[in-house]
There are 2 protein chains.
Amino acid sequence: MRVLLVGAGGVGTAVTRIAARRGFLTHMFVADYDLGRAEAAVAALDEPGGRFSAHRLDASDEAAVRRFLGEEGCDVLLNATDPRFVMPLFNAALTAGAHYVDMAMSLSVPHPTAPYEQCGVKLGDEQFALARAWESAGRLALVGMGVEPGLSDVFARYAADELFDEIEEIGVRDGANITVQGYDFAPSFSIWTTIEECLNPPVVYEKARGWYTTAPFSEPEVFDFPEGIGPVECVNVEHEEVLLMPRWVDARRVTFKYGLGDDFIAKLRTLHDLGLDSTAKVTVPGPDGPVQVSPRDVVAACLPDPATLGDRMRGKTCAGTWVKGTKDGAAREVYLYHVVDNEWTMREYGTQAVVWQTALNPVIALELVAGGAWRASGVLGPEALPPQPFLDLLGAYGAPWGLREGH
Amino acid sequence: MRVLLVGAGGVGTAVTRIAARRGFLTHMFVADYDLGRAEAAVAALDEPGGRFSAHRLDASDEAAVRRFLGEEGCDVLLNATDPRFVMPLFNAALTAGAHYVDMAMSLSVPHPTAPYEQCGVKLGDEQFALARAWESAGRLALVGMGVEPGLSDVFARYAADELFDEIEEIGVRDGANITVQGYDFAPSFSIWTTIEECLNPPVVYEKARGWYTTAPFSEPEVFDFPEGIGPVECVNVEHEEVLLMPRWVDARRVTFKYGLGDDFIAKLRTLHDLGLDSTAKVTVPGPDGPVQVSPRDVVAACLPDPATLGDRMRGKTCAGTWVKGTKDGAAREVYLYHVVDNEWTMREYGTQAVVWQTALNPVIALELVAGGAWRASGVLGPEALPPQPFLDLLGAYGAPWGLREGH
């Protein structure tokens with residue numbers, strides 16, 4: 001399998017390290033707008049076989065990406081950029097006749113008059129609008145194939161197939177006990193993206209009502225995470241799973257709650273109250289007169305780059321899917337989860353846990369597509385495909401999943 | 001009396017409106033770096049007598065200020081700029097042979113190794129270092145003569161003279177119930193200055209120990225403010241009164257606590273935790289490539305200008321001095337206070353309450369100096385001079401003070 005990986009940031013670099021240990025790849029073209037980042041990712045692999053090469057490519061330039069895919073005869077485009085680049089890469093793969101895999105879907109736009117009640121443009125709407133074209137082309141666009149969305153969706157399908165007769169609610173629950181030494185406050189992932197997903201109206205699915213939105217940080221609950229992480233306050237956040245799962249899994253309700261914790265929620269609320277979450281430019285004094293800057297960029301610039309913090313991080317991160325329903329006439333609740341310890345990912349891969357956990361899943365998906373275990377066409381979420389081979393490979397990659405009966 | 005007013009911002013403009021109603025001024029030269037601001041202040045007075053004139057003057061240019069004082073034969077320089085300009089204006093007045101009045105003192109510098117335990121350079125240290133020169137010149141530098149410091153210091157001296165035999169503690173307590181319609185969050189005074197005074201190490205005086213510092217927001221207490229404002233959470237903040245009062249008033253302890261409220265304290269803490277209080281520049285994307293900006297400037301740019309909010313403000317602000325001690329062998333506690341209603345200041349002066357209350361006090365002080373009731377030389381705080389004539393004039397200006405027995 002010949003893969004074009006677009007994006008050699010934290011997640012893209014981790015993808016190369018995970019994929020290099022597997023035999024299914026013929027070649028991976030590692031491309032980034034900043035050639036130096038792509039070269040650094042490839043150089044760090046020290047692979048004598050030469051299966052990885054570094055390239056400069058602008059993810060927003062659809063025509064250039066399409067030409068690259070054609071000229072290099074790529075089977076798949078793996079998108080490891082931020083969600084602003086989903087549509088040009090998705091379209092480039094379609095027109096080049098390649099499969100496509102991403103970890104986040106096309107962006108939402110809030111409802112113009114009732115943003116905290118009704119959906120406007122939903123996450124992934126732009127991609128699903130082209131489902132017929134992908135089906136006709138006989139190519140697979142596998143969307144939302146990171147850890148959340150991604151593994152969380154595989155868990156949902158597994159629960160529906162194997163563990164439940166009827167599902168009342170599926171709730172993705174994400175929590176961690178990661179600390180960063182030497183910093184009072186240092187998020188373990190991009191604050192820019194965190195602001196985007198946490199301050200957008202969260203989306204909820206109910207079978208009787210369809211998709212709808214609420215105010216940010218709605219429906220707080222304390223969820224008890226496994227393997228020593230313990231209870232963390234979780235709140236509704238806009239996330240792809242809520243848009244994906246109802247398309248293939250029968251459930252009366254689907255939610256996504258993020259274990260931000262009281263302190264982090266308060267900080268995000270303050271940024272919003274002070275207008276510091278805004279991407280609209282403000283005018284401030286500069287060295288040569290007034291300049292225009294985005295407050296959210298300034299917030300990001302004041303915090304350390306999360307990709308550089310792995311050595312200072314301690315603790316575990318947990319992604320998982322809680323399911324409530326009935327099996328054989330009896331009530332049942334399970335939590336299917338995946339816990340990763342930062343100490344282990346740093347030692348094994350030199351990559352911090354949150355980034356590594358995201359990167360692991362699209363590599364497994366590529367291996368299943370390469371081997372033919374996952375064979376389909378159209379715009380599909382991970383829950384559209386058979387879950388068992390995916391879950392089996394988690395163990396083979398050294399990061400097995402777990403199941404807890406009860407809440 | 002011929003007065004040079006430097007600074008035609010919110011407080012300076014209010015000074016002109018208050019002074020214009022009194023007869024003691026022969027002429028007030030209203031000077032600002034931005035001539036338009038000075039002209040606007042003078043034009044708004046509509047004074048047929050022509051006692052006010054607008055001038056352009058750079059407060060950081062000590063020589064230019066000294067020349068102006070000499071050429072115009074000014075008796076007093078009234079400094080209504082921000083504290084960065086205290087020293088050039090203070091020095092200009094001394095060398096020109098004029099009296100000097102300000103509302104904030106020369107800035108502090110935290111202790112290099114124990115900032116939350118020991119004082120470094122204290123507020124006003126640079127000014128008090130020149131006390132002998134002012135005494136020799138027979139001129140008065142009246143420092144900290146706003147509302148807090150200022151009226152709060154007059155209250156302390158009055159309490160020592162008239163209400164107590166022995167004073168255990170003097171605590172300046174400042175609180176308000178002002179809201180700003182149409183904004184979730186809109187401070188009624190400069191956020192830049194608020195960050196400076198609230199995040200600097202607060203200073204405390206104890207007779208047995210001298211001056212020392214604590215961590216920001218230390219010793220929280222709920223203080224019940226009069227005239228319907230009610231209980232507000234107050235915390236230690238760096239303020240001039242703590243440096244001024246012990247020089248002239250005998251007390252075992254002196255503190256300043258600001259009624260910021262839980263919510264505002266949490267916001268300031270968040271700004272600090274995220275590094276957004278910093279004045280050190282960070283690099284962010286700009287329209288023509290990366291630019292360097294101060295995060296604190298960006299915070300200020302995201303919030304509305306407090307001087308423009310008077311029409312949207314509702315409520316009262318209270319400045320006052322709580323004193324605990326003994327009188328005639330019995331324990332006593334009093335709170336001497338000054339409450340201003342924004343509705344009244346807007347109607348009477350077109351000026352919001354917080355700004356008006358600050359501007360009122362230096363005008364009263366000038367009137368006392370002009371009339372000879374306050375006659376002294378050296379670098380003096382308001383508590384060095386007789387309090388009764390000052391308190392009497394508050395009533396004459398339409399804004400009387402109050403006294404509450406008990407806490």
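In this text the structure is predicted, and so the values were computed from the model without any measurement. The chains referred to below are lettered A, B, ... by the order of the sequence lines, with proteins before strands, and numbering in each begins at 1. Values reported hereafter were calculated over all heavy atoms of this structure, with side chains retained and with hydrogens, waters and symmetry mates removed.
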Show the nearest heavy-atom pair for residues B:L274 and A:F185, with the distance to one decimal.
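Taking B:L274 first and A:F185 second, the nearest heavy atoms are CD1-CD2, 3.5 Å.
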
I need the minimum non-hydrogen distance between B:G275 and A:C302, along with the two atoms involved.
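Scanning both residues completely, I find the closest heavy atoms to be O-SG, 3.8 Å.
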
Apply ring-ring contact (aromatic ring centres under 6.0 Å, His included) to B:Y258 and list each qualifying residue two or more places apart in sequence or on a separate chain.
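Result, ring-ring contact (aromatic ring centres under 6.0 Å, His included) vs B:Y258: none returned.
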
Among the options A:D263, A:T283, A:V293, pick out the one with the most heavy-atom pairs lying under 4.5 Å from chain B.
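Between A:D263, A:T283, A:V293, the count favours A:V293.
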
What distance do B:R269 atom CZ and A:K267 atom NZ have between them, rounded to the nearest 0.5 Å?
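Rounded to the nearest 0.5 Å, the CZ-NZ separation comes to 10.0 Å.
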
Report, as yes or no, whether the 6.0 Å neighbourhood of atom CD on B:E219 holds more than 12 heavy atoms from other residues, nucleotides or ligands.
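Buried by this count: over 12 neighbours within 6.0 Å.
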
Is the number of heavy atoms from other residues, nucleotides or ligands under 6.0 Å of B:F264 CZ greater than 12?
yes

Portion of B:I191 that has a non-hydrogen atom of chain A nearer than 4.5 angstrom
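For B:I191, no heavy atom lies under 4.5 Å from chain A.
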
Sole candidate of A:V298, A:L276, A:V282, A:V284 that passes side chain to side chain contact (heavy atoms under 4.5 Å, CB included) when paired with B:V299:
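It is A:L276, the one option of A:V298, A:L276, A:V282, A:V284 that forms the side chain to side chain contact (heavy atoms under 4.5 Å, CB included) with B:V299.
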
